[in-house]
Student: 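I'd like to ask some things about the structure below.
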Amino acid sequence: ASNLVFFWTVCNTLFFQYSQKHEHGFKSGIFVLMFPVMGAILSPVAGLVAEKLSFHFLFFSSMFLYAVPIIFTFFLPDFDFEFKTRQAFFKIEHPTFVIFQGYISMLTWNMIPIFTLFFITAPIKFGGFLGYLSVFAALAALFNAKMSDKLKKRTSFFYVFTILNAFS
């Protein structure tokens, strides 16, 4: 989990530093959209592979595919990056909501798929269901990003969707 924190901290900081402010919502929405789109495509494919070839094959082939982006990191240009964790931590405007959002993300990324296994037990059907959820996540992400740019009230989206996430 710590590798995700350190990766996304640097990635998000660089994104907001080098992008134009009036496009932050839409462009970050497009970036985040990549995950549900890939989920919509790859979840059913993973279900099919697990159903036809086995979970062992799925996990071992995933491990080898994961090596591709790792190899590309050796070709990235060098750059200096300074991030002061303590200062950033104390600049968080609403720490309770940030912690709550992280907790809710853990639930939606981990608990919902695991709980769904009680109802959907065939790998291909489970993959299809996760793909279906990803399509709706992609549409919601695009809509929210565009509305965020239009209204210029990004914190209201943070509150509304964190609360809705908690209720869901």
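Here the structure is a predicted model, which means the values were calculated and not measured.
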Student: Looking only at heavy atoms, which two atoms of Pro44 and Gly39 are closest? And how far apart?
Tutor: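 Taking Pro44 first and Gly39 second, the nearest heavy atoms are CD-O, 3.8 Å.
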
Student: Output the distance between atom CG (Leu130) and atom CG (Leu42), rounded to the nearest 0.5 Å.
Tutor: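 Those atoms lie 11.5 Å apart.
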
Student: Taking side chain to side chain contact (heavy atoms under 4.5 Å, CB included) as the test, write out the residues that go with Ser134, two or more places apart.
Tutor: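 If we apply the side chain to side chain contact (heavy atoms under 4.5 Å, CB included) test to Ser134, skipping adjacent residues, the hits are Pro36, Ala40.
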
Student: Listed by chain and number, what are the side chain to side chain contact (heavy atoms under 4.5 Å, CB included) partners of Phe59, not counting sequence neighbours?
Tutor: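 Phe59 satisfies side chain to side chain contact (heavy atoms under 4.5 Å, CB included) with Phe55 once adjacent residues are dropped.
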
Student: According to a hydrophobic-cluster definition based on side-chain heavy atoms being under 4.5 Å apart (Ile, Leu, Val, Met, Phe, Trp, Tyr only), do Leu53 and Val45 belong together?
Tutor: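 In one cluster with Leu53: Val45, yes.
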
Student: Quick check: is Leu65 connected to Val37 through a chain of hydrophobic side chains (ILVMFWY, heavy atoms under 4.5 Å apart)?
Tutor: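 Unlinked, Val37 and Leu65 end up in two clusters.
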
Student: Which ILVMFWY residues are connected to Phe64, directly or by a chain of links, through side-chain heavy atoms under 4.5 Å apart?
Tutor: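 In the cluster with Phe64 are Phe60, Met63.
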
Student: Do you know the tightest heavy-atom contact between Phe126 and Ile120?
Tutor: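 Result for this residue pair: N-CG2, 3.4 Å.
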
Student: Supply the atom-to-atom distance Ser43 OG to Phe129 CZ, rounded to the nearest 0.5 angstrom.
Tutor: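 Result: 11.0 Å between the selected atoms.
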
